[in-house]
Each structure stands twice: as C-alpha cells, then as structure tokens.
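Every number for a ligand or one of its atoms is a count from 1 in the order of the listing.
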Amino acid sequence: MKAEEVKRVVIVGAGVMGHSIAQVFARAGVEVDLVDIREDLLTRAMERVQGNLKTLVDTGRIRWDEAPAIVDRIHPGTDLAAAGRRADFALEAVAELPDVKKQVFQELEESCPEGTVLASNTSSLDIFDIIEVRDPTRLVCAHWFAPPHIIPLVEVAPGPRTAPETVAFTAELIERIGRRPLVMKTFVPGYIVNRIQHVIISAVLEMLVNGWASPEEIDLAVKLSLGIRLPIVGVAQSLDFTGLELVHEITSGMGLTVPLIADKVKQGHLGASTSRGIYDYGGRSEQEILRDRDSRYLELLDQLERIGAFKPV
Ligand SMILES: NC(=O)c1ccc[n+]([C@@H]2O[C@H](COP(=O)([O-])OP(=O)(O)OC[C@H]3O[C@@H](n4cnc5c(N)ncnc54)[C@H](O)[C@@H]3O)[C@@H](O)[C@H]2O)c1
C-alpha cells in the first residue's frame with residue numbers, strides 16, 4: 001500500500017499523545033479508530049480534541065466549520081481487534097511500560113491485515129528488543145512531540161530488522177498528514193531531540209541543586225540566548241560560527257576527538273569564515289553569510305518580543 005492510499009488508521013492509547021495524533025490524522029482527511037481501555041478516558045480524549053480545535057479556530061488556524069468533520073473522523077472505542085482489522089496503519093501511544101506495549105503489539109499483529117505497518121510512539125524503550133512479533137520488518141518507531149497537533153517533528157527510527165519500505169511508507173504518511181518526518185539511521189533510546197533535551201535538563205537540575213541560579217533566571221537566560229540562536233542555526237551549524245578550529249582545540253583539550261571536525265580543520269574548512277565547514281555555504285562570503293543569519297535573528301527577536309516570549313507563560 002502507498003501512503004496516499006491510507007484511508008483508516010488505528011491509534012492505541014488516547015492519552016496526552018494519542019488524542020492529539022488522532023486529531024492530526026483526522027484533520028488530513030483520514031478516518032481514525034482511537035482505542036483505549038476505558039470509556040471515560042475516551043470521553044476525556046474527545047473533550048481534549050474539542051478544546052484543541054477551539055484554540056485552532058480562535059487563532060485562525062482552521063475555520064470553525066471545519067472542526068465538526070475532524071471530530072466526526074475520530075471513532076473512539078475499546079475494541080482493539082475490530083479497529084486493527086480495518087486499519088491501513090497502526091500507531092501505539094500507550095503507557096511507557098514494556099508489558100503493556102508487548103500486549104498491544106501482539107494484539108495489533110493478530111488483528112491488523114498482513115503487512116500493515118505497526119509503529120510505536122515510545123520515548124525511551126527499545127521496542128525492537130521488547131516486542132515479539134512474527135514479522136519484525138513492519139515494526140518501526142514514529143516519535144511525536146507534545147502537543148502533536150502543533151509541533152511538526154516526528155522522528156522515524158528503524159530497528160535492526162525493519163524493512164526500508166516500512167520506514168519510507170511511515171515517513172511518506174507523516175508527510176501526507178502535514179507533519180515533518182525526520183528519518184534516523186537507526187533507533188537509539190531518546191532519538192535525537194530527547195538525547196539533547198536530557199543533557200539540558202541535567203545541567204539545569206545541577207544548577208538548581210547547587211543554588212547557582214533560580215528557575216526563573218535559568219529560563220530567562222536560555223530564552224534570551226539559545227532561544228534566539230537555536231531556531232536559526234541549530235546546534236551543529238552553530239559550530240561553523242564558533243569556528244571549527246576553536247571547536248577542535250576545545251574538544252581536543254577535553255580528550256575528545258570528533259573525526260568529522262578534525263577532518264574539516266585538516267582540509268581548511270573552518271566554518272562561515274571559509275564559506276565551508278560542517279555546512280557548505282556555496283562560496284558566499286563570510287559577510288553575506290552573517291547578513292543572512294543576522295537578519296533572521298533580528299526578525300525572530302522582534303517576533304519573540306511581540307508575543308511576550310520573555311515573560312513566563
Ligand atoms: N507525553 C509526552 O510528552 C510524550 C512525548 C513523546 C512520546 N511519548 C510516548 O507516548 C506514549 C504515550 O504517552 P502519553 O503521555 O500519551 O501517556 P498517557 O498516560 O497520557 O496515555 C496513555 C494511554 O494509554 C492507555 N492504555 C494503557 N494500556 C492500554 C491498552 N492495553 N490498550 C489501549 N490503551 C491503553 C491509557 O489508558 C492512557 O489513556 C508513551 O510511550 C510515551 O513515552 C509521550
């Protein structure tokens with residue numbers, strides 16, 4: 001099956017993630033069976049969808065008359081087997097407990113048509129190690145970010161036996177419903193973003209434990225610096241602006257060799273100053289590159305000031 005032929009999906013788990021992922025599929029015109037173990041949790045999930053849609057209408061993201069059709073495309077229920085039988089794609093977003101995931105995937109494999117891709121939204125579990133299915137080629141991770149109906153990224157990560165077609169299909173489907181798939185070479189716990197976030201949170205907790213700064217001071221410091229740079233140059237590209245020679249010296253001083261950076265330095269590709277570093281700037285002068293970067297910084301800074309980003313939510 002091709003991603004554009006998908007008509008109906010099953011989302012298992014209607015919690016923080018599941019209800020909102022269901023909404024994304026439904027908004028893209030896909031019928032969704034939203035499955036949970038308790039009726040009251042499904043009722044709460046549909047209330048959350050209504051609340052999300054109201055915000056989208058109030059902020060002009062969707063028209064008010066689009067909302068009812070989105071809700072109508074979400075079919076809440078507790079019968080996983082029945083939902084699995086009619087699914088063209090399955091996504092699990094149940095509690096982060098190995099035994100629960102195991103049971104859900106067994107039920108999905110038994111009920112879903114042969115070859116249906118079975119995806120997991122797990123944050124940290126190595127489901128490829130935990131889950132026992134007859135056909136592991138159709139097992140893949142599709143890791144969303146809260147709230148899924150707003151944050152565009154979905155990290156797609158294969159296990160050791162995932163078929164390349166499974167990965168391609170999942171990425172195409174995610175793109176079709178208006179999200180941004182990022183296909184990793186392999187699954188690692190935490191994927192890309194949570195691994196980075198983990199380091200940041202650890203550093204913040206260390207500062208709080210030692211009383212070096214208050215929570216409010218830490219957040220303001222981050223928003224007034226990284227908060228402006230990261231959206232424009234990310235992390236890896238920011239090293240091109242630091243200068244790779246300096247980065248190489250610092251990392252070497254720490255006893256860490258990064259072959260990618262050592263090679264660039266050897267070749268004289270030092271970053272923005274030489275129009276080539278981790279990124280290739282296509283022969284543009286340093287001044288042109290900096291103008292491009294800085295005009296985006298200034299634009300973003302204006303927008304952040306305008307929306308009150310430097311005050312707490
Ligand atoms: N919350 C986040 O920010 C976030 C972000 C990315 C990924 N994740 C991952 O998504 C998954 C779900 O997280 P969440 O925050 O939505 O959890 P949640 O607790 O809000 O929701 C989980 C839902 O799964 C249901 N459930 C449990 N067992 C079930 C079963 N056997 N069949 C059907 N439904 C069942 C629960 O009743 C609950 O409604 C986890 O694997 C988590 O690691 C969470």
Side-chain angles (χ1 to χ4, degrees), residues 9-26 32-52 74-87 89-112 116-133 139-159 170 174 177 179-184 187-198 200-201 313:
V9 301
V10 57
I11 311 277
V12 192
V16 171
M17 299 302 286
H19 82 278
S20 170
I21 297 172
Q23 181 186 321
V24 176
F25 276 96
V32 183
D33 280 304
L34 181 60
V35 176
D36 209 295
I37 39 178
R38 283 190 0 225
E39 292 285 355
D40 59 318
L41 297 174
L42 289 162
T43 304
R44 191 185 59 180
M46 293 310 288
E47 285 166 1
R48 282 173 163 171
V49 169
Q50 297 276 10
N52 297 341
I74 304 176
H75 311 279
T78 52
D79 189 344
L80 174 53
R85 277 196 292 278
R86 47 185 183 247
F89 173 78
L91 178 76
E92 159 285 304
V94 299
E96 190 79 337
L97 298 167
D99 286 344
V100 179
K101 303 262 191 218
K102 226 178 196 174
Q103 190 208 331
V104 165
F105 273 100
Q106 267 163 15
E107 286 181 49
L108 283 174
E109 183 166 58
E110 271 159 36
S111 57
C112 291
T116 305
V117 167
L118 310 179
S120 173
N121 187 44
T122 180
S123 300
S124 57
L125 296 174
D126 184 349
I127 56 143
F128 305 103
D129 201 31
I130 295 164
I131 307 298
E132 291 149 17
V133 284
L139 207 58
V140 69
C141 282
H143 181 244
W144 298 62
F145 290 82
H149 64 281
I150 295 181
I151 307 292
L153 179 68
V154 182
E155 293 167 320
V156 178
T170 306
I174 287 164
I177 60 170
R179 303 287 90 183
R180 300 281 293 265
L182 190 297
V183 176
M184 292 182 68
F187 168 83
V188 282
Y191 309 87
I192 296 173
V193 176
N194 285 359
R195 288 177 90 85
I196 294 172
Q197 191 169 252
H198 177 75
I200 293 176
I201 292 174
V313 169

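- Within the 4.0 Å heavy-atom criterion, the part of Val100 lying near ligand 1 is the side chain and not the backbone.
- For Glu96, a nitrogen or oxygen atom sits less than 3.5 Å from a nitrogen or oxygen atom of ligand 1, counting backbone and side chain alike.
- The OG1 atom of Thr122 sits 4.5 Å away from atom NZ of Lys101, with the distance rounded to the nearest 0.5 Å.
- Protein heavy atoms all stay at least 4.0 Å away from atom 17 (O) of ligand 1.
- Of all heavy-atom pairs between Cys112 and Leu118, the closest is SG-CD2, 4.0 Å.
- Where the criterion is an N or O separation shorter than 3.5 Å, residue side chain and backbone included, Ser123 meets it with respect to ligand 1.
- Heavy atoms of Phe145 found under 4.0 angstrom from ligand 1: none, in either backbone or side chain.
- Between the CD1 atom in Ile196 and the CD1 atom in Ile201 there is a gap of 12.0 Å [rounded to 0.5 Å].
- The only member of Leu80, Asp36, Ile37 that meets side-chain contact (heavy atoms from CB on, under 4.5 Å) when paired with Val12 is Leu80.
- At the top of the distance list for atom 2 (C) of ligand 1, counting protein heavy atoms only, stands Met17 SD, 3.5 Å.
- Looking from atom 10 (O) of ligand 1 to the surrounding protein, the closest heavy atom is Asn121 ND2, 2.9 Å.
- In terms of protein heavy-atom proximity, atom 35 (C) of ligand 1 is nearest to Val94 CG1, 3.5 Å.
- Of the inter-residue distances, the one linking Ile74 atom CD1 with Met46 atom CE reads 4.5 Å to the nearest 0.5 angstrom.
- Remark: Thr170 pairs with no residue by the side-chain hydrogen bond (donor to acceptor under 3.5 Å, both in side chains) rule, at least two apart or across chains.
- Looking at ligand 1, you'll find an N or O of Val16 within less than 3.5 Å of one of its N or O atoms.
- In terms of protein heavy-atom proximity, atom 32 (N) of ligand 1 is closest to Ile37 CG2, 3.7 Å.
- The minimum heavy-atom distance linking Ala146 with Ile151 is given by the pair O-CG1, 3.5 Å.
- Here the shortest heavy-atom pairing between Ser111 and Ala81 reads CB-O, 3.4 Å.
- Ranking the protein heavy atoms by distance from atom 6 (C) of ligand 1 puts Trp144 O, 3.1 Å first.
- Looking at Lys101 against ligand 1, only its side chain comes within 4.0 Å, counting heavy atoms.
- Across all their heavy atoms, Asn121 and Trp144 have their closest contact at OD1-N, 2.8 Å.
- Distances between N or O atoms of Asp36 and those of ligand 1 include at least one value under 3.5 Å.
- Atom 22 (C) of ligand 1 has its closest protein heavy atom at Ala93 O, 3.7 Å.
- Remark: His143 NE2 to Met17 CE distance equals 6.5 Å, nearest 0.5 Å.
- There is a protein heavy atom closer than 4.0 angstrom to atom 41 (O) of ligand 1.
- For ligand 1, the atoms lying closer than 4.0 Å to a non-hydrogen atom of Val12 are 32 (N), 33 (C).
- In terms of polar-atom proximity, Thr122 is not counted as a contact of ligand 1, lacking any N or O under 3.5 Å from an N or O of the ligand.
- The CZ atom of Arg38 sits 8.0 Å away from the CZ atom of Arg44 when rounded to the nearest 0.5 Å.
- Less than 4.0 angstrom separates some heavy atom of Ala146 from each of these atoms of ligand 1: 3 (O).
- For the residue pair Gln103 / Glu107, a side-chain donor-acceptor distance below 3.5 Å is found, with atom types taken as modelled.
- Under a 4.0 Å criterion applied to the non-hydrogen atoms of His143, ligand 1 contributes the atoms 6 (C), 7 (C).
- For atom 21 (O) of ligand 1, the closest non-hydrogen atom on the protein side is Gly15 CA, 3.3 Å.
- Annotation for Ser120 and Phe105: closest pair CB-CZ, 3.7 Å, computed over non-hydrogen atoms.
- Of all the heavy atoms of Val104, the ones lying under 4.0 Å from any atom of ligand 1 belong exclusively to the side chain.
- Of the heavy atoms in Leu41, only side-chain atoms (C-beta onward) come closer than 4.0 Å to ligand 1.
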